[in-house]
Amino acid sequence: MQKEGEKVQKMFEDLKRLIEHGAWPEARELADRLYQDGESSDSFWILNGTVYEAEGKDELVYACIMHGLRQNPKNYELYFMLGNYYSVRNVNQAWLCYERALSCCDNDDDRDVISQSMKQMAERPEWCVNPVSVVMTAIEDIAVFEQCIESFRMANAEEEYELIVVDSGAGEDMLSRLKEKDGIQLVRGRRERGLAAARNRGIKAAAPENDIFLVNGDTIFPYGALFWIRMGLYERDTVGAAGPLTNLCINDQGVGRDFECSEQYMQLAEQLLVSEENAYENKIWLSDFAMLIKRRALDDAGLFDARYNSGMYADTDYGMKLIQQGYELLLCHNSLVYSYHIQDLSVCRHQCLEKERLYEKWGFQVFYYSNIRDELIDLFSERWEPPFRVLEIGCGMGANLAHIRYRFPGTEVYGIELMQQVARFGTDMADIIVGDIETMRIPYEHHYFDAVIMGDVLEHLRNPGEVLVEMKKYLKPGGRLVAGIPNFMNISVVVPLLRGRFMYQEQGLLDRTHIHFFTKQEIFDMFSSCGYKIIRMLKMSNREEIVPEAEKMIDAIYQLPGIADQEQFEVYQYAVTAIVNE
């Protein structure tokens, strides 16, 4: 082992010497040999990236930097190289990389070089990076909140930021502890309560030129999380807010894995905290555990609506305000934080009221029009190689299309939405047009799309069969039409019917806007008559929600001859993939 180590060390020294002498062909050959031998240290990726840089292969330089940061997320040379990469692409992100390099560097000579690079970026007319004010809302759980503060300070030990803690009714014990901590600006509570009002107090206390990083007091931070969120915020001038993934499934910002403790999530975070080629996803709103807002966007959109006590509704409302002002919101898939999600029960009791308030303010049910349907996306994308060209009928605000664009880089996404007041929020999500699919002239070329998605649409149409026939013109040969269709045979509908009740509802299987109702067989019959072949049917069940009384009713029904199989009573929606029947 010692001889092997000495051999690798000699190869490293030879590679450095070749680079110093500009012997690039020989350096490439030696770097490739080291890679083939399994070398993967951060030092190797620096040298390999340097050779690619000389060869003019910028994307490979970027890949080397990312490999190196996975090995050592505190290597200042890698951040400096990343700054050089961005220096001809995005001045603000280059400056952030240099700032990160400077915070990690302990070599005085190199610090001078990095500082000079930062100065050069700051002199460019397009440079506009703001410092950060961190606004934390205190919680009553002292141990968790102190862990939140400590984790943030450890994760950003070398960075400069302003830390503001807002009292939102945390209690005197917590306030006494906070007074003893250095570097914290404490904003005391006032008569008005609620998360939105507390945030506004913290924002008002912040330096007027700073970006604002809103943090819930039950959030734990890994090293580097804020850096990558700031990189997202300055991805484009039009980005107004950015936020990380989390352990929670709120707003489809969950990391998609279930672990038993925060430590396991922090280990995962270390793997994620590296920029990817496609790291950002457009969102309608960002969840409240951690959200970074650009100062210019904050000035344009104003403060949070203090009528909201719940973070979810306050954040949804604010996201729509930002979009209304022309800004994008980005979910950073290269950043992860952990939230204990300590719920305030008084907030829970107000959520129905706040949901209604959100509806009254914007004129439509926001969450209904911003769903992501991974099950439908999986149906058309399995066994196919992206990128795709996708059309979604009834696309709402375009959240599903934005998610498709994130999952499959290079995919072209288009949408048709009936309601103009909904579609206007999808400007950055996809190419969305407003129209009634049953009466409009469809402006696309024939055989243009790999997939057409119709999630919860067919039941709302006067003539769903005619629309299905029309859509055949726009599918490529072999293209997929994917539809989500509610099942009228679900036990939650059947039991009231057997009792003589049929009550429309605001949403769900008996949504009052439904015109047609379908069972499994009706779905097959309709698609077949319209010239399609269903090649896959996904059954989404609510078996766990069936109450004992309904179970007894099903058992009694099965005593009758010729009854459909039990599964059809348990499915609340079918998702189908269909192709044109040649």
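Checked by atom type and distance alone, the side chain of E417 pairs as donor or acceptor with a backbone atom of M419 at under 3.5 Å. For E39 (side chain) and S41 (main-chain N/O), a donor-acceptor pair under 3.5 Å exists by modelled atom type. Of the possible donor and acceptor atoms, none in the side chain of S335 sits under 3.5 Å from a partner among the backbone N and O of W228. Between the side chain of S339 and the main chain of H341, a donor-acceptor pair closer than 3.5 Å is present. Put simply, the side chain of N581 never gets that close to the backbone of K533: no donor and acceptor are under 3.5 Å apart. Under the 3.5 Å distance criterion, the side-chain polar atoms of R373 are left unmatched by any main-chain donor or acceptor of N400. Using modelled atom types, no side-chain atom of S528 and backbone atom of F524 make a donor-acceptor pair closer than 3.5 Å. Put simply, the side chain of N90 gets close to the backbone of Y234: a donor and an acceptor are under 3.5 Å apart. The backbone N or O of A399 sits nowhere less than 3.5 Å from a side-chain atom of S370 that would complete a donor-acceptor pair. The backbone N or O of Q568 sits less than 3.5 Å from a side-chain atom of N487, completing a donor-acceptor pair.
Heavy atoms only, all atoms of each residue included: P244 and A290 are closest at CD-O, 3.1 Å. When all heavy atoms of M266 and Y338 are compared, the closest pair comes out as CE-CB, 3.6 Å. Here the closest non-hydrogen pair linking A94 and G83 is CB-O, 3.4 Å. Closest approach of G455 and L376 over heavy atoms only: CA-CD1, 3.7 Å. Of all heavy-atom pairs spanning I579 and G479, the tightest one is CG2-O, 3.7 Å. Shown here for I416 and G435, the closest heavy-atom pair between the two residues is CG2-O, 3.8 Å.
Because its NZ or CZ atom is both nearer than 6.0 Å to the ring centre of Y223 and within 45° of the ring axis, R100 counts as a cation-pi partner of that residue. F304 does not carry K321 over the face of its six-membered ring by the limits of under 6.0 Å from the centre and within 45° of the normal. A cation-pi arrangement is not found for R536 relative to F380, the charged atom failing to lie both closer than 6.0 Å to the ring centre and inside a 45° cone about the ring normal.
With salt bridges taken as basic N to acidic carboxylate O contacts below 4.0 Å, none links D317 and R357. With respect to the salt-bridge test (charged N to carboxylate O, under 4.0 angstrom), the residues D211 and R230 do not qualify.
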With side chain to side chain contact (heavy atoms under 4.5 Å, CB included) as the criterion, how do W362 and T316 come out once you've worked through the C-alpha distance, each side chain's angles and the decisive distance to 0.1 Å?
CA-CA 11 Å; W362 297 103; T316 304; over 6 Å; no

Steps toward side chain to side chain contact (heavy atoms under 4.5 Å, CB included) verdict (R405, T411)
CA-CA 6 Å; R405 189 174 59 189; T411 290; 5.6 Å; no

Would I212 and L292 count as a side chain to side chain contact (heavy atoms under 4.5 Å, CB included) here? Give the steps.
CA-CA 6 Å; I212 300 295; L292 181 62; over 6 Å; no

Would R28 and D32 satisfy salt bridge (Lys or Arg N to Asp or Glu O under 4.0 Å), going step by step from the backbone distance to the final call?
CA-CA 6 Å; R28 168 52 48 218; D32 288 346; 3.0 Å; yes

Working for side chain to side chain contact (heavy atoms under 4.5 Å, CB included), residues I523 and I534
CA-CA 9 Å; I523 294 171; I534 292 178; 4.0 Å; yes

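Residues L82 and Y62 have side chains in contact (heavy-atom distance under 4.5 Å, counting atoms from C-beta outward). In this structure, L331 and L245 have side chains that are in contact, with non-hydrogen atoms separated by less than 4.5 Å. Side-chain contact between E235 and E328 is absent, with no heavy atoms from C-beta onward closer than 4.5 Å. In this structure, D428 and L329 have side chains that are not in contact, with every pair of non-hydrogen atoms separated by 4.5 Å or more. Contact of the I485 side chain with the E522 side chain is not registered, since no non-hydrogen atoms from C-beta on lie closer than 4.5 Å. Counting only heavy atoms from C-beta outward, the side chains of I46 and M81 approach each other to under 4.5 Å. Two residues are said to be in side-chain contact when any heavy atoms from C-beta on lie closer than 4.5 Å; M291 and D315 meet this criterion. Looking at heavy atoms from C-beta onward, V239 lies in side-chain contact with R236 at the 4.5 angstrom threshold.
Rounding to the nearest 0.5 Å places OH of Y369 at 11.0 Å from SG of C395. A distance of 6.5 Å separates CG in L336 from OG1 in T246, rounded to the nearest 0.5 Å. Rounded to the nearest 0.5 Å, atoms NZ (K294) and OG1 (T238) are 7.0 Å apart. Note that the CZ atom of R70 and the CD atom of Q271 stand 9.5 Å from one another [nearest 0.5 Å]. The CD1 atom of I65 sits 8.0 Å away from atom CG of N84, with the distance rounded to the nearest 0.5 Å. Separating the CG atom in N334 from the CE atom in M66 is a distance of 9.0 Å, to the nearest 0.5 Å.
Between the side chains of D374 and H403, a donor-acceptor pair is found at a separation under 3.5 Å.
Residues meeting the ring pair (Phe, Tyr, Trp, His ring centres under 6.0 Å) test with H460, sequence neighbours left out: H514. Remark: R124 pairs with V91, M121, E126 by the side-chain contact (heavy atoms from CB on, under 4.5 Å) rule, at least two apart or across chains. In terms of the side-chain hydrogen bond (donor to acceptor under 3.5 Å, both in side chains) criterion, residue partners of Q253 (sequence neighbours excluded) are, by chain and number, N251.
Within 6.0 Å of NZ in K539 there are more than 12 heavy atoms belonging to other residues, nucleotides or ligands. Heavy-atom neighbours of R89 CZ from other residues, nucleotides or ligands within 6.0 Å: above the threshold of 12. Heavy atoms from other residues, nucleotides or ligands lying under 6.0 Å from CZ of F364 number more than 12. Within a 6.0 Å sphere centred on CD of E260, other residues, nucleotides and ligands contribute 12 heavy atoms or fewer. Counting heavy-atom neighbours within 6.0 Å of E382 CD, excluding the residue itself, gives a total above 12.
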Distance-only check: which donor-acceptor pairs under 3.5 Å involve side-chain atoms of residues 420-427, not counting sequence neighbours?
unit_1, atom_1, unit_2, atom_2, d
R424, NE, Q421, O, 3.4
T427, OG1, R424, O, 3.2

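Residue pairs that meet the salt bridge (Lys or Arg N to Asp or Glu O under 4.0 Å) test with at least one member in residues 466-487, sequence neighbours left out, are D450-K476, E470-K473. The stretch residues 240-263 participates, sequence neighbours left out, in these ring pair (Phe, Tyr, Trp, His ring centres under 6.0 Å) pairs: F259-Y265.
Outside the 6.0 Å centre-distance limit, the rings of Y280 and H333 are not counted as a close aromatic pair. Checked against the 6.0 Å centroid criterion, the rings of F449 and Y414 qualify as a close aromatic pair.
The ring-ring contact (aromatic ring centres under 6.0 Å, His included) with Y79 is formed by just one residue from the set W95, Y86, F227; it is F227.
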